Chemist: 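Take a look at the following structure, please.
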Amino acid sequence: MNELTSLKKGEVRLTKSKLCCLCIVGTRPEAIKMGPVIAELNRSDWAFPYVVTTGQHADVVEGALKDFGVVPSRRLDLERRNGSLNELFGKVIAEMDRVIDEVRPDCVIAQGDTTSVAVVSLAAFHKNVPFMHIEAGLRTGKLNDPYPEELNRRIAGLTASMHFAPTSASLNNLLREGVVPGDCLVTGNTGIDALLQTAAHKLPAPKGFPNLPRVILATAHRRESFGAPIENALRGIRAAVDRHDDLGLFFVSHPNPNAHEPARRILGGHPRIVVTDAIDYADMVAALKRCWIVVTDSGGLQEEAPALGKPVLVLRNTTERPEAVRAGAVRVVGTNSAAVSSAISQLCDDPALYARMSVPVFPYGDGQAAKRIVAAMRARLVRAIPALSAA
Ligand SMILES: CC(=O)N[C@@H]1[C@@H](OP(=O)(O)OP(=O)(O)OC[C@H]2O[C@@H](n3ccc(=O)[nH]c3=O)[C@H](O)[C@@H]2O)O[C@H](CO)[C@@H](O)[C@@H]1O
């Protein structure tokens, strides 16, 4: 029994007969993956989204939300001094305490595994407001890898009233942790909703995309790889480009200086390598459609590339996305220079291997995740209010 089913008629505030769903967005991937859910809520007849951005990656987030026609209802002003996780934790929970008191939402929704998600789930729990977790149940089983995301998503797994898992493997992780079966659902990942909606349009090549027969699309930003691991991986990518003169590299940097400084230093000054700042989502999808392979430590790109039939080499030692590995579209290679370089060369020199890894697969859903999530929320939230359920 959770707090929702204990609600009595009249205990849930209605605004113009619609429920208020407070949607939290902190980072670019959260904006991309929450966009379809916010749009679906806007189309619904029973709820309206109240969108709050946490300011964690303010500039790229507002741009990504705009791509989905979403304007935030409120922007938290966190005034961060040192950028530490504890500072972020303290500021977000204090702000969210105030926002929940003022807005009095009927539920709080967040996606993924950032510190903002863990904090907001606790803030909602403390206020006895149902927390709905999107992209629930991803686990590596190693608390420090990825860091701090594995801890964040486990906290959300404890505090959420409803858990929307992208795959059955994620759902099984939740059940093993004791989540009640009636509180979790396999929906697919809303990132595939966003990808298929965007990829359906004719998209021009991103500025600077190399005009070469085989272009590697690469990104690297994982916190646990900062320093030597990320530098080793970048050297491995550059070595492969040097070895194969028909290869180009389009490296998309991340706003964190620990990620973009080594990229510019190690990859810069090469005639077939372009290092660009972060690009908007439509440009990223355009790059995905045009690239030869993807080399990355990104979670979202591990989900998107297989749907477009692009082989992925993962610059990590573990992944919480084993489904695409099992489907043969993704290979976890780590950050060792020689391993990265040889994995790229294998794909250059073995057309049969490349063909096997290039078959489009959809282990992360069919593009209808947002519809399933909003329908499940309605069933849960409206059930608690006979007046609405009778409508
Ligand atoms: C441990 C882990 O894996 N956690 C993940 C991490 O997200 P991530 O690793 O996917 O992060 P990125 O790679 O930065 O973003 C990816 C998205 O952004 C698009 N993109 C990228 C660069 C760019 O220049 N322009 C863009 O448009 C790209 O196509 C894609 O859709 O945190 C999220 C919660 O914050 C989690 O939910 C998610 O599991």
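When a ligand or atom number is given, it counts from 1 through the structure's own listing order. Please read these numbers as outputs of a predicted model, since none were measured by experiment. Scope of the values below: all heavy atoms of this structure, side chains included, with no hydrogens, waters or symmetry mates. Count residues from 1 along the sequence.
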Chemist: Looking at ligand 1, does any of its N/O atoms fall within less than 3.5 Å of an N/O of Ser253?
Modeler: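 No: no nitrogen or oxygen of Ser253 is under 3.5 Å from one in ligand 1.
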Chemist: So, Glu231 and Arg235, do they make that salt bridge, N to O below 4.0 Å?
Modeler: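 The answer is yes: the pair qualifies as a salt bridge.
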Chemist: Counting heavy atoms only, which of Arg316, Arg223, Glu320, Glu304 comes nearest to atom 30 (C) of ligand 1?
Modeler: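 Checking each option, the heavy atom nearest atom 30 (C) of ligand 1 is found in Glu304.
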Chemist: Can you list the steps and then say if Glu135 with Lys33 is a salt bridge (Lys or Arg N to Asp or Glu O under 4.0 Å)?
Modeler: CA-CA 9 Å; Glu135 196 182 89; Lys33 293 179 171 179; 2.5 Å; yes
Chemist: Within a distance under 4.0 Å of any heavy atom of Gly299, pick out the atoms of ligand 1 and give their elements.
Modeler: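 The list of qualifying atoms is 3 (O), 8 (P), 9 (O), 10 (O).
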Chemist: Judged by modelled atom types alone, do Thr159 and Ser121 share a side-chain donor-acceptor pair under 3.5 Å?
Modeler: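 Indeed, the side chains of Thr159 and Ser121 share at least one donor-acceptor pair under 3.5 Å.
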Chemist: Taking 4.0 angstrom as the limit and counting only heavy atoms of Gly112, give me the atoms of ligand 1 inside it, by number and element.
Modeler: 37 (O)
Chemist: Just distances here: any N/O of Leu288 and N/O of ligand 1 closer than 3.5 Å?
Modeler: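 No, Leu288 has no N/O under 3.5 Å of an N/O on ligand 1.
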Chemist: With a cutoff of under 4.5 Å between side-chain heavy atoms, which Ile, Leu, Val, Met, Phe, Trp and Tyr residues group with Leu353?
Modeler: Ile216, Leu234, Ile237, Val241, Leu247, Leu249, Phe251, Ile266, Leu267, Ile273, Val275, Trp292, Ile293, Val295, Leu313, Leu315, Val333, Val340, Ile344, Leu347, Tyr354, Met357
Chemist: When you measure from atom 10 (O) of ligand 1 to every protein heavy atom, which one gives the shortest distance, and what is it?
Modeler: Gly300 N, 2.7 Å
Chemist: Please work out which of Leu301, Thr198, Asp113 has its closest non-hydrogen atom nearest to atom 2 (C) of ligand 1.
Modeler: Asp113
Chemist: Could Arg372 and Asp366 be called an ion pair, given the rule that one side-chain N must be under 4.0 Å from one carboxylate O?
Modeler: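 Looking at Asp366 together with Arg372, the answer is yes, because their closest N to O distance falls below 4.0 Å.
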Chemist: Check this for me: Asn211, atom CG, are more than 12 non-hydrogen atoms of other residues, nucleotides or ligands nearer than 6.0 Å?
Modeler: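 It does not: Asn211 CG has 12 such atoms or fewer within range.
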Chemist: Under 4.0 Å from a heavy atom of Tyr281: which atoms of ligand 1 are those, numbered in the order shown and with their elements?
Modeler: 27 (O), 29 (O), 31 (O)
Chemist: Under 4.0 Å from a heavy atom of His221: give me the atoms of ligand 1 that qualify, with their elements.
Modeler: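 By the 4.0 Å cutoff, the relevant atoms are 9 (O), 11 (O), 12 (P), 13 (O), 14 (O).
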Chemist: Could you check whether Arg264 pairs with Asp277 (Lys NZ or Arg NE/NH1/NH2 to Asp/Glu carboxylate O, under 4.0 Å)?
Modeler: yes
Chemist: Using 4.0 Å as the upper bound for N to carboxylate O, is an ion pair formed by Arg222 and Glu149?
Modeler: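 Salt bridge between Glu149 and Arg222, a charged N being under 4.0 Å from a carboxylate O: yes.
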Chemist: Which of the numbered atoms in ligand 1 are below 4.0 angstrom from a heavy atom of Arg321?
Modeler: 2 (C), 3 (O), 38 (C), 39 (O)
Chemist: Hey, are Glu62 and Arg75 close enough for a salt bridge, meaning a charged N less than 4.0 Å from a carboxylate O?
Modeler: yes
Chemist: If the contact criterion is a heavy-atom separation under 4.0 Å, does Gly191 count as touching ligand 1?
Modeler: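 For ligand 1, residue contact (heavy atoms, under 4.0 Å) with Gly191 is absent.
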Chemist: So, Thr219 versus Thr296: side-chain donor-acceptor pair below 3.5 Å or not?
Modeler: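 Judged by distance alone, the side chains do pair up.
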Chemist: Just to check, does Glu303 reach to within less than 4.0 Å of ligand 1 when the distance is taken from its heavy atoms?
Modeler: no
Chemist: One thing to verify: whether Arg214 and Asp246 come together as a salt bridge, which I'm taking to mean a side-chain N less than 4.0 angstrom from a carboxylate O.
Modeler: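 A salt bridge is present here (some side-chain N lies under 4.0 Å from a carboxylate O).
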Chemist: What is the closest protein heavy atom to atom 7 (O) of ligand 1, and at what distance does it sit?
Modeler: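 Ranked first by proximity to atom 7 (O) of ligand 1 is Pro29 CG, 3.4 Å.
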Chemist: Where on Gln302 is there a heavy atom closer than 4.0 Å to ligand 1, on the side chain, on the backbone, on both, or on neither?
Modeler: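 It is neither; nothing of Gln302 touches ligand 1.
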Chemist: With respect to atom 13 (O) of ligand 1, which of Ser116, Ser298, Ala110 exhibits the smallest heavy-atom separation?
Modeler: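 Going through Ser116, Ser298, Ala110 one by one, Ser298 has the nearest heavy atom to atom 13 (O) of ligand 1.
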Chemist: Of all the non-hydrogen atoms in the protein, which one sits nearest to atom 23 (C) of ligand 1, and at what distance?
Modeler: Arg28 NH1, 3.1 Å
Chemist: Taking only heavy atoms of Thr114, which atoms of ligand 1 are found under 4.0 Å from at least one of them?
Modeler: 34 (C), 35 (O)
Chemist: Determine whether a donor-acceptor pair (N or O, by modelled atom type, separation under 3.5 Å) exists between the side chain of Tyr50 and the backbone of Pro72.
Modeler: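 No; judged by distance alone, with no hydrogens or angles, the pair does not exist.
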Chemist: Numbering the atoms of ligand 1 from 1, which are under 4.0 Å from a heavy atom of Thr27?
Modeler: 34 (C), 35 (O)
Chemist: Which atoms of ligand 1 have any heavy atom of Ala278 under 4.0 Å away?
Modeler: 24 (O)
Chemist: Is Glu303 paired with Arg321 through a side-chain N to carboxylate O contact shorter than 4.0 Å?
Modeler: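 Salt bridge between Arg321 and Glu303, a charged N being under 4.0 Å from a carboxylate O: yes.
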Chemist: In terms of residue, atom name and distance, what is the protein heavy atom nearest to atom 25 (N) of ligand 1?
Modeler: Ile279 O, 2.7 Å
Chemist: If you measure from each non-hydrogen atom of Ile32 to ligand 1, which part falls under 4.0 Å: side chain, backbone, both or neither?
Modeler: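 The part of Ile32 near ligand 1 is the side chain, not the backbone.
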